[in-house]
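See below for the structure under consideration.
Labels below follow one simple rule: chain letters A, B, ... track the order of the sequence lines, proteins then strands, and each chain is numbered from 1. Heavy atoms only: backbone and side chains are in, while hydrogens, waters and symmetry mates are out.
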There are 2 protein chains.
Amino acid sequence: MDAEYFLKLENQLCFSIYACSREITRLYRPILDQLELTYPQFLALTVLWEHKRLTVKEMSELLYLDSGTLTPMLKRMETMDLLKRERSREDERKVFIELTEKGVQLRKDALQLPEKCIPHFGLSKTEYYELLQKINQMITSLQKVTRTNNEVK
Amino acid sequence: MDAEYFLKLENQLCFSIYACSREITRLYRPILDQLELTYPQFLALTVLWEHKRLTVKEMSELLYLDSGTLTPMLKRMETMDLLKRERSREDERKVFIELTEKGVQLRKDALQLPEKCIPHFGLSKTEYYELLQKINQMITSLQKVTRTNNEVK
DNA sequence: TAAAATCAAATTGTGCACAACTTAATTTTA
DNA sequence: TAAAATTAAGTTGTGCACAATTTGATTTTA
């Protein structure tokens, strides 16, 4: 492994991925602005459109975000009348998140997002799927290290 | 294009890339902690190791970060004695950034980063390069839209 | 060459991201 | 079954990211 080589910015895959992530968010922003959503809020809605009702913990596992990020964001979204937060009666440590009618309805408007944005990725259908698969493979590998006690040192 | 399909979290390439970016940062963190650096600070050092002296504008173009992000970060790094900020005499709008001896020396310690981290990406050499290329291709496509006035609406 | 336009950096304000910690509830175990 | 351990959510504090705006310098142009 040539450490000198990989220390150059242009050869750092981590930088490319980090920059690409922000570039996609920038692409999405004008449309999300119309829906009055941020990108993380849109992701939170996405999992709620799929699962109806989730605890904060479950959302945290789906989005890889912790309660320190989710709690304040969900509170903001509650204020915006997109969702309800309700503490579980069976286990009072848990808080259930459920969409309001407004939150459910927003899905219709959000459908334009993939249609308007994905063409700008500059990828063929095949490239899109292959890239998705590769990145997911990478996430799985990374989580083996980052989600255990085997910290890299 | 099946918008319903692409609205599912698992099919969203943007989510994968966003999650992957954070997962890599998490992998890097224990090592960067030892160097007392954050990931964006490490990137700032990376471009300064390559270019010796840069204006804020030039760093902003290399890292795709604006002055609102860079100025406070560079001030923190100046306090940490990693770099100097000096306003240009020829054009007083510009501020030059240059590494201190401490900033230069940190490069030696940073060399361990790629060596220790890249193996955990779970990619072969070929896969690494292909992925790097694909992501860079994607960034270029995205910038055609995000870095012009043709906003997606 | 003086006004208008542009430019570079800094500032302000909002919203993540996340480490570290706290609180309160539930589960485990001695 | 009471103490210890674990768990879920919330809190606190720091550091990005970035839009929008401001400040001051330089360039363009009428």
- Query: Just by distance, do the side chain of B/K134 and the backbone of A/L123 share a donor-acceptor pair under 3.5 Å?
  - Reply: no
- Between C/dA19 atom P and B/E36 atom CD, what is the distance in whole Å? 17 Å
- Message: Considering every strand and a 4.0 Å limit on heavy-atom distances, what is the contact class for B/T25: base, sugar-phosphate, or nothing?
- Response: nothing
- A/L65 has its side chain closest, among C/dA17, C/dA9, D/dT26, to C/dA17
- Query: Taking for each residue the nucleotide of DNA chain C with the nearest heavy atom, is it B/R26 or B/E58 whose nucleotide lies nearer the 5' end?
  - Reply: B/E58
- Picking from C/dT11, D/dA8, D/dA25, the nucleotide nearest the side-chain atoms of B/R93 would be D/dA25
- Message: I'd like to know if the side chain of A/T55 and the backbone of A/V95 have a donor-acceptor N/O pair within less than 3.5 Å.
- Response: no
- Query: Are A/F96 and A/M59 connected in the hydrophobic side-chain network, where two residues link if heavy atoms are under 4.5 Å apart?
  - Reply: no
- Think A/K75 has a side-chain N or O under 4.0 angstrom from the OP1 or OP2 of D/dT11? yes
- Of the nucleotides C/dC18, D/dC18, C/dA9, which one has an atom closest to the side chain of B/V95? C/dA9
- Query: Counting only side-chain N and O atoms of B/T71, is one of them less than 4.0 Å from OP1 or OP2 of C/dA10?
  - Reply: yes
- Message: Would you say A/R29 places a side-chain N or O within less than 4.0 Å of OP1 or OP2 belonging to D/dA17?
- Response: no
- Task: With A/Q105 as reference, evaluate A/R107, A/K102, A/E101 under the side chain to side chain donor-acceptor pair (under 3.5 Å) test and give the passing residue.
- Result: A/E101
- Note on the structure: B/L70 CG to D/dG15 P, in whole Å, measures 16 Å
- Task: Pick base, sugar-phosphate or nothing for A/T55, based on heavy-atom distances below 4.0 Å to the nucleic acid.
- Result: sugar-phosphate
- Between D/dC18, C/dC18, C/dG15, which one does the side chain of A/R76 approach most closely? C/dG15
- Roughly how many Å is it from CG in B/L37 to C1' in D/dC16, rounded to a whole number? 14 Å
- Task: Report the distance from atom CE of B/M59 to atom P of C/dA8, rounded to the nearest whole Å.
- Result: 16 Å
- Among D/dA19, D/dG15, D/dA17, which nucleotide sits nearest the side chain of B/D66? D/dA19
- Interatomic distance, A/R22 CZ vs D/dC16 P [rounded to whole Å]: 12 Å
- Query: To the nearest angstrom, how far is B/M77 atom CE from D/dG15 atom P?
  - Reply: 12 Å
- Message: Counting only side-chain heavy atoms from C-beta out, which of C/dC18, C/dA10, D/dG10 sits nearest to A/V56?
- Response: D/dG10
- Nearest whole angstrom, please: distance from the P of C/dA9 to the CG of B/L74. 10 Å
- Remember a base hit wins even if backbone is also touched, and classify B/E90 as base, sugar-phosphate or nothing at under 4.0 Å, heavy atoms. sugar-phosphate
- Query: What nucleotide among D/dA9, C/dA17, C/dA9 has an atom nearest to a side-chain atom of A/K57?
  - Reply: D/dA9
- Message: Considering every strand and a 4.0 Å limit on heavy-atom distances, what is the contact class for A/Y18: base, sugar-phosphate, or nothing?
- Response: sugar-phosphate
- Task: Examine C/dG15: is either OP1 or OP2 under 4.0 Å from a nitrogen or oxygen in the side chain of A/Q41? Give yes or no.
- Result: no
- Message: When you measure from the side chain of A/R87 to the backbone of A/E92, do you find a donor-acceptor pair of N or O atoms at a distance under 3.5 Å?
- Response: yes
- Does B/R87 place a side-chain N or O at less than 4.0 Å from the phosphate oxygens OP1/OP2 of C/dA8? no
- Which of these nucleotides, C/dA10, D/dC16, C/dC18, is closest to any side-chain atom of B/T38? D/dC16
- Length of the line joining A/Y39:OH and C/dC16:P, which is rounded to integer Å: 13 Å
- Query: Which of the following nucleotides, C/dA9, C/dC16, D/dA8, is nearest to the side chain of A/M73?
  - Reply: C/dC16
- Message: Can you identify which nucleotide, out of C/dA10, D/dG10, C/dC16, has its nearest atom closest to the A/P40 side chain?
- Response: C/dC16
- Item | Check: B/S67 side chain, C/dA10 base, donor-acceptor under 3.5 Å | yes
- Query: A/G68 or A/D91: which one's nearest nucleotide on DNA chain D is closer to the 5' end?
  - Reply: A/D91
- Query: Judged by atom type as modelled, is there a donor-acceptor pair below 3.5 Å linking the side chain of B/Q112 to the main-chain atoms of B/D109?
  - Reply: yes
- Message: So does A/L7 get a backbone contact from the side chain of A/Q12, meaning a donor-acceptor N/O pair under 3.5 Å?
- Response: yes
